[in-house]
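By convention in this document, chain letters (A, B, ...) are assigned in the order of the sequence lines, proteins followed by strands, and residues within each chain are numbered from 1.
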Amino acid sequence: MPQSEEAAAWFHAVYTAVQEIPHGRVTSYGHIARLVGRPERPRQVGVCLKHLPDASKQPNNPFNNNTVPWQRVINSRGSISPRGPNGASRQASALRREGVTIETGTMGELTVDFEMYGWFPEMLPSEAAEVEDDSDED
DNA sequence: GCCGTGACGGTAA
DNA sequence: GTTACCGCCACGG
C-alpha cells in the first residue's frame with residue numbers, strides 16, 4: 001500500500017493504463033510512463049506491477065494480478081526481464097496464451113515479437129495508428 | 001531515519 | 001552496431 005496520496009494516484013494511473021492494453025498486444029514500461037504523464041519514471045511503472053496485489057489475497061481489489069494484464073508490459077528492448085527464476089516464464093506463457101509470439105534467445109532471454117503483434121515501443125496509440133495509416137514507406 | 005535496490009530508459013562514449 | 005553510467009522514486013533492510 002502506497003505511503004502518500006500522490007503515490008496512490010500514481011499506482012492507480014499505472015494500473016488503469018495497463019488495463020487499456022488490448023488483448024494480444026504488448027507495450028513497454030516507458031510507454032505506460034508516457035500514458036500516465038510521467039515519461040521520466042518508467043522504472044516506477046515496474047515498481048507498481050511488482051506491488052500488484054495477488055488476486056487470491058485481494059479479490060475485492062479492482063487492481064490485482066487477475067484484473068491487470070501485467071504480462072503485457074515488457075521493456076523497450078522488446079524482451080522480458082528475468083526478474084525471478086520462473087517469473088519471466090510465467091509472463092511468457094501468459095502472453096503465448098494470448099497468441100503473442102515469443103522467441104527464446106540463446107541465453108534464455110525471452111524476446112517478444114512486438115513489431116508484428118504489438119504496439120511500437122515508445123509510441124503512443126495515436127502515433128501507432130498514424131503509422132498504420134502511413135505504412136507505404138519501407 | 002539513512003542506504004541500497006529495482007519488473008527501465010535515455011544519452012554518452 | 002554495443003557497453004557504461006546516470007536519474008528517477010517507492011520499498012525493504
Side-chain angles (χ1 to χ4, degrees):
Chain A
M1 184 164 116
Q3 296 180 347
S4 64
E5 288 186 26
E6 186 177 0
W10 162 259
F11 274 62
H12 185 96
V14 169
Y15 292 150
T16 302
V18 173
Q19 287 181 326
E20 292 182 15
I21 304 175
H23 180 86
R25 301 291 177 88
V26 295
T27 191
S28 64
Y29 295 92
H31 194 150
I32 298 300
R34 284 191 179 191
L35 289 178
V36 300
R38 291 290 183 272
E40 56 190 17
R41 288 184 274 182
R43 208 163 187 162
Q44 298 311 111
V45 175
V47 174
C48 293
L49 297 181
K50 182 174 66 173
H51 289 273
L52 192 64
D54 187 69
S56 60
K57 296 179 181 178
Q58 299 186 23
N60 295 331
N61 194 321
F63 301 114
N64 55 44
N65 60 1
N66 195 37
T67 60
V68 179
W70 57 273
Q71 68 275 15
R72 296 173 194 163
V73 184
I74 61 178
N75 57 29
S76 68
R77 297 179 304 189
S79 59
I80 303 172
S81 255
R83 58 186 161 310
N86 52 0
S89 62
R90 195 162 61 96
Q91 181 173 0
S93 58
L95 285 174
R96 282 171 176 166
R97 193 175 55 191
E98 296 186 354
V100 178
T101 298
I102 299 180
E103 302 173 2
T104 303
T106 56
M107 296 174 38
E109 56 184 14
L110 301 172
T111 303
V112 180
D113 196 347
F114 56 87
E115 290 185 338
M116 182 180 300
Y117 290 99
W119 295 339
F120 288 84
E122 302 309 307
M123 184 178 291
L124 296 175
S126 59
E127 294 175 326
E130 186 177 349
V131 170
E132 291 185 23
D133 181 69
D134 186 65
S135 59
D136 56 344
E137 59 180 287
D138 192 321

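- Across the protein-nucleic acid pair, A:Ile32 atom CD1 and B:dG9 atom C1' stand 14 Å apart, rounded to whole Å.
- Closest contact between the side chain of A:His51 and the listed nucleotides B:dG9, B:dA7, C:dG12 involves C:dG12.
- Distance, A:Arg77 CZ to B:dC8 P: 8 Å, rounded to whole Å.
- The distance between atom CD of A:Glu109 and atom P of B:dA7, rounded to the nearest whole Å, is 17 Å.
- With both ends at atom C1', the span from C:dT3 to B:dA7 equals 22 Å, rounded to whole Å.
- Summarising the geometry, the separation between CZ on A:Phe11 and P on C:dC9 is reported as 14 Å, rounded to the nearest angstrom.
- Put simply, the side chain of A:Asn65 never gets that close to the backbone of A:Asp54: no donor and acceptor are under 3.5 Å apart.
- The environment of A:Arg77 atom CZ is sparse: at most 12 non-hydrogen atoms of other residues, nucleotides or ligands sit within 6.0 angstrom.
- Connection of A:Trp10 to A:Ile21 is established within a shared hydrophobic cluster, with ILVMFWY side chains joined at heavy-atom distances below 4.5 Å, either directly or through further cluster members.
- When the options A:Thr111, A:Val73, A:Leu95 are evaluated for a side-chain contact (heavy atoms from CB on, under 4.5 Å) with A:Ile80, the one that passes is A:Leu95.
- Using a 4.0 Å heavy-atom cutoff across all strands shown, A:Trp10 reaches no nucleic acid atom at all.
- When rounded to the nearest whole Å, the span between CG of A:Leu35 and C1' of B:dC8 equals 15 Å.
- Under a hydrophobic clustering in which Ile, Leu, Val, Met, Phe, Trp and Tyr are joined whenever their side-chain heavy atoms come within less than 4.5 Å, directly or via other members, A:Ile74 and A:Leu110 fall into the same cluster.
- Summarising the geometry, the separation between CG on A:Leu49 and C1' on C:dA10 is reported as 14 Å, rounded to the nearest angstrom.
- Going from atom CG of A:Leu52 over to atom C1' of C:dC11 covers 15 Å, rounded to whole Å.
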Give me, pair by pair, the N or O atoms of the protein and of nucleotides 1-3 of chain B that are less than 3.5 Å apart, along with how far apart they are.
none

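- The hydrophobic clustering, which links ILVMFWY residues whose side-chain heavy atoms are closer than 4.5 Å, places A:Val26 and A:Ile102 together.
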Chi angles and distances behind the side-chain contact (heavy atoms from CB on, under 4.5 Å) call for A:Val18, A:Arg72: CA-CA 8 Å; A:Val18 173; A:Arg72 296 173 194 163; 5.8 Å; no

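- In this structure, A:Tyr29 places its OH atom 17 Å from C1' of C:dC9, rounding to the nearest Å.
- In this structure, the side chain of A:Ser76 does not engage the main chain of A:Ser28 through any donor-acceptor pair within 3.5 Å.
- Taking 4.0 angstrom as the limit, A:Ser76 places a side-chain polar atom (N or O) nearer than this to OP1 or OP2 of B:dG9.
- Both A:Phe63 and A:Ile32 are assigned to one and the same hydrophobic cluster, defined by single-linkage of ILVMFWY side chains at heavy-atom distances under 4.5 Å.
- Among the nucleotides C:dC11, B:dG10, B:dA7, the one closest to the side chain of A:Arg34 is B:dG10.
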Polar-atom pairs under 3.5 Å, protein N or O versus N or O of nucleotides 3-8 of chain C: list them with distances, or write none.
residue, atom, partner, partner atom, Å
C:dG7, O6, A:Arg43, NH1, 2.9

